[in-house]
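Step one of this worksheet: look at the structure below.
Side chains are part of it too, since the values below use all heavy atoms of this structure and drop only hydrogens, waters and symmetry mates. The residues of the chain are indexed from 1 along the displayed sequence.
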Amino acid sequence: MNLKSTNSVETNQYELKLEVTPEELDQAINQVYKKESKRMNVPGFRKGKAPRAFIEKFYGEDVFYQGAVDHLYNPMMTSAIDQSGLEVVGVNSYNIEEISKEAGIVAKLVVTVQPEVKIADYKGIEIAKESTEPTQDEVDAEIQRVRQRNSRMVTVEDRAAENGDIVVIDFDGYTDGKQFDGGKAENFDLTLGSGQFIPGFEEQVVGHNVGDEFDVNVKFPEDYHAEELKGKDATFKIKLHEIKHQELPEVDDEFVKDVSEFDTLEEYRKDLENTVRSRKERAAEASTEQQLIKAVIDKVEAEIPDMMIEKETDEIINSFDMQLRDQGMNLETYLKYTQGTVDSLREQYKERAGQQVRVRLGLAKIAEQEGLTVTEEEIEAEFQKLADAYGMPLENVKAVVRAKDISKDVANQKAMDLIKEQAVFVDKPQETSGGQD
């Protein structure tokens, strides 16, 4: 198979003209003959026993041509693309111009290639550096969460209900003097101040004592989900059975001994500081990478073919489907429950796909411009990481993952490391939040 010509036909598209020799076509026809002759009837021969020449004479010389073309399709594509030296994204069209035993095959294919990429000013990217030092408020918030987990509910008997209390009530709702569906319940737990009920309801329960029976007058919002109640005045008859309050443990050495391996509050706070610091360091690292990725996306200049974005969208959806299957579901079931379609899902992921393509192209161009190379040892190490991660034999990984793709990924990571090393970090103002008692 020989590539006769390579011609640019439009942006990011090339036409490749390929020849298959008569000998190669003859070999392919023989392969097809061995497979298809078994179902062919030729007068004078038992079914499947007729020689190739007799079949071609009876059915026509071109009887095996389509099968031969199908048989040669993948080798032809691979040979043409390899000989062209182009970074082909996919095949747009494929056409047989000539086929005969004397001439072999002359085929034309139009392919989409990776675009020309320009990227500059990727050194010295300004990054907002987030502080990784824990604040007093953050440590206090950690302690507060532990207090919440170790709290207990106590019954209140010596005061009226306050915001933050849990009250146990009966309620019965009326509009226009009549009860309405869903407006009645007994022994209902309501956290005052939670906003669980319509505006004005919880505020009117505050101040009442156990045993009180009283009315709450409210107005349903205009956008209320029940059409028949929108904007209507309502009265709820209430009986308050119980008031409960969340009691938090005191923060002292005894509390620390109960909830941790430490003996003193000072030791416990230092450990929490380390926990918060580690979390903030991970968040800062992720933030740095996201800022660098956004900078690369913004700096890439390229006319990206739709085919690249479509293929990336396919990859994202396939990955999503695999995640669903790990959870005992699949894409079809997910779309049924969410009342979505594959097309709507593709539209949802299209922007993300485009960004991922731009990042890869940008990093690849940086690697090229900086002369970043990948060694065989590095490729082998990546293969081993994949084998370890998926619990597969190394040979199996190599059978399904191309070394060429591994090399590109490593080069891109080197490009990311380079721009990170060259980035300029600017301190981000420290955000503070109020602590909780």
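Between Asp343 and Arg346 there is no salt bridge, since none of the side-chain N atoms of the basic residue sits less than 4.0 Å from a carboxylate O of the acidic one. For the pair Lys280 and Glu130, the salt-bridge criterion is not met [side-chain N within less than 4.0 Å of a carboxylate O]. The residues Glu250 and Arg147 are annotated as not salt-bridged, no charged nitrogen and carboxylate oxygen being separated by less than 4.0 angstrom. Salt bridge annotation for Lys408-Glu87: present, with a cationic side-chain nitrogen under 4.0 angstrom from a carboxylate oxygen. Salt-bridge annotation for Glu142 and Arg145: present, with a side-chain N of the basic residue lying under 4.0 Å from a carboxylate O of the acidic one. Between Asp170 and Lys237, no side-chain nitrogen of the basic residue sits less than 4.0 Å from a carboxylate oxygen of the acidic one, so the salt-bridge criterion is not met.
Between Gln413 and Asp417, the side chains place a donor N or O and an acceptor N or O closer than 3.5 Å (distance only, hydrogens not considered). Residues Gln355 and Arg358 have side chains that never bring a donor and an acceptor to within less than 3.5 angstrom of each other. No hydrogens or angles considered: nothing links the side chains of Asp140 and Gln144 as a donor-acceptor pair under 3.5 Å. A donor-acceptor contact under 3.5 angstrom links the side chains of Glu242 and Thr155, judged on distance only. In this structure, a donor-acceptor pair under 3.5 Å is absent between the side chains of Gln348 and Ser344. No donor-acceptor contact under 3.5 angstrom links the side chains of Glu315 and Gln356, judged on distance only. Under the 3.5 Å distance criterion, with hydrogens and angles disregarded, a donor-acceptor pair is assigned to the side chains of Thr112 and Asn92. In this model, no donor atom of one side chain and acceptor atom of the other lie less than 3.5 Å apart for Thr313 and Glu310. In the model, Asn217 has no side-chain atom that pairs as donor or acceptor with a side-chain atom of Gln204 under 3.5 Å.
Under a cut-off of 6.0 angstrom, the local environment of CD in Glu116 is sparse, with at most 12 non-hydrogen atoms contributed by other residues, nucleotides or ligands. Surrounding NZ of Lys420 are more than 12 heavy atoms belonging to other residues, nucleotides or ligands, all under 6.0 Å away. Dense packing is recorded around NZ of Lys230, with more than 12 heavy atoms of other residues, nucleotides or ligands lying under 6.0 Å away. Applying the 6.0 Å contact sphere to CE of Met322 captures no more than 12 heavy atoms from other residues, nucleotides or ligands. Environment of NZ in Lys239: sparse, with no more than 12 heavy atoms of neighbouring residues, nucleotides or ligands closer than 6.0 Å. Around the CG atom of Asp258, the shell of radius 6.0 Å holds more than 12 heavy atoms that belong to other residues, nucleotides or ligands. Residue Asn396 qualifies as enclosed at atom CG: its count of foreign heavy atoms under 6.0 Å is above 12. Within 6.0 Å of atom CG in Asp121, 12 or fewer heavy atoms from other residues, nucleotides or ligands are found, so the atom counts as exposed in its surroundings.
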Legend entry - Check against salt bridge (Lys or Arg N to Asp or Glu O under 4.0 Å), Arg282 and Glu285: CA-CA 5 Å; Arg282 291 193 297 272; Glu285 184 68 20; over 6 Å; no

Inset, instruction - Would you sort out whether Lys257 and Glu254 count as a salt bridge (Lys or Arg N to Asp or Glu O under 4.0 Å), showing the intermediate values? - result: CA-CA 5 Å; Lys257 291 175 184 177; Glu254 291 305 312; 3.6 Å; yes

Legend entry - Derivation and outcome, side-chain contact (heavy atoms from CB on, under 4.5 Å), residues His241 and Val210: CA-CA 5 Å; His241 293 294; Val210 172; 5.9 Å; no

Legend entry - Full working for side-chain contact (heavy atoms from CB on, under 4.5 Å) between Val91 and Val110: CA-CA 6 Å; Val91 177; Val110 176; over 6 Å; no

Inset, instruction - Show your working on side-chain hydrogen bond (donor to acceptor under 3.5 Å, both in side chains) between Gln148 and Ser151 and close with a plain yes or no. - result: CA-CA 5 Å; Gln148 293 280 357; Ser151 64; 4.8 Å; no

Inset, instruction - Please assess Leu335 against Thr333 for the test side-chain contact (heavy atoms from CB on, under 4.5 Å), listing each intermediate value before the final yes or no. - result: CA-CA 5 Å; Leu335 291 174; Thr333 306; over 6 Å; no

Inset, instruction - For the pair Lys385 and Glu382, evaluate salt bridge (Lys or Arg N to Asp or Glu O under 4.0 Å) and give the outcome as yes or no after the intermediate values. - result: CA-CA 5 Å; Lys385 284 182 185 177; Glu382 288 301 311; 3.3 Å; yes

Legend entry - side-chain contact (heavy atoms from CB on, under 4.5 Å) between Tyr268 and Asp263, intermediate numbers included: CA-CA 8 Å; Tyr268 186 48; Asp263 294 323; over 6 Å; no

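Between the side chain of Ser194 and the backbone N or O of Thr191, at least one donor-acceptor pair lies under 3.5 Å. Looking at Asn330, its side chain does come within 3.5 Å of a backbone N or O of Glu332 through a donor-acceptor pair. At distances below 3.5 Å, at least one donor-acceptor pair connects side-chain atoms of Gln291 with backbone N or O atoms of Ala128. Formation of a donor-acceptor pair under 3.5 Å by the Glu24 side chain with backbone atoms of Thr21 is found in this model. Listed for the Lys108 side chain is no donor-acceptor partner under 3.5 Å among the backbone atoms of Ile96. No donor-acceptor pair under 3.5 Å is formed between the side chain of Ser287 and the backbone N or O of Ala284. Here the side chain of Glu202 pairs a donor or acceptor atom with the backbone of Gly193 at under 3.5 angstrom. Glu303 places no side-chain N or O within donor-acceptor distance of the main-chain N or O of Thr11, the cut-off being under 3.5 Å. Between the side chain of Gln83 and the main chain of Leu3, a donor-acceptor pair closer than 3.5 Å is present. Remark: the backbone N or O of His208 is not paired with any side-chain donor or acceptor of Asp212 at under 3.5 angstrom.
A pairwise comparison of heavy atoms in Thr135 and Glu138 identifies N-OE1, 2.9 Å as the closest pair. In terms of heavy-atom proximity, Tyr122 sits nearest to Ile419 at O-CG2, 3.6 Å. Nearest heavy-atom pair, Val256 versus Phe262, reported as atom, atom and distance to 0.1 Å: CG1-O, 3.4 Å. When every heavy atom of Ala353 is checked against every heavy atom of Ile309, the shortest pair comes out as CB-O, 3.8 Å. Annotation for Lys232 and Thr175: closest pair CD-CB, 4.4 Å, computed over non-hydrogen atoms.
Looking at heavy atoms from C-beta onward, Glu213 lies out of side-chain contact with Leu240 at the 4.5 angstrom threshold. The side-chain heavy atoms of Leu361 and Ile119, taken from C-beta on, include no pair separated by under 4.5 Å. A 4.5 Å side-chain heavy-atom check between Tyr14 and Asn7 finds every atom pair outside the cut-off.
Of the candidates Glu370, Glu378, Glu421, Glu368, Glu378 is the only one forming a salt bridge (Lys or Arg N to Asp or Glu O under 4.0 Å) with Lys414. Here the rule is side chain to side chain contact (heavy atoms under 4.5 Å, CB included) with Glu267, and of Thr264, Leu265, Asp271 only Thr264 fits it.
Relative orientation of the Phe220 and Phe236 rings is tilted, given thresholds of 30° and 60° on the angle between their planes. Between Phe188 and Phe171, the angle of the ring planes goes over 60°, which puts this pair in the perpendicular group of the 30/60° scheme.
Sorted by first and then second residue, the ring-ring contact (aromatic ring centres under 6.0 Å, His included) pairs with a member in residues 322-351 read Phe320-Tyr334; sequence neighbours excluded.
By the side-chain hydrogen bond (donor to acceptor under 3.5 Å, both in side chains) test, Asp82 pairs with no residue at all, sequence neighbours left out.
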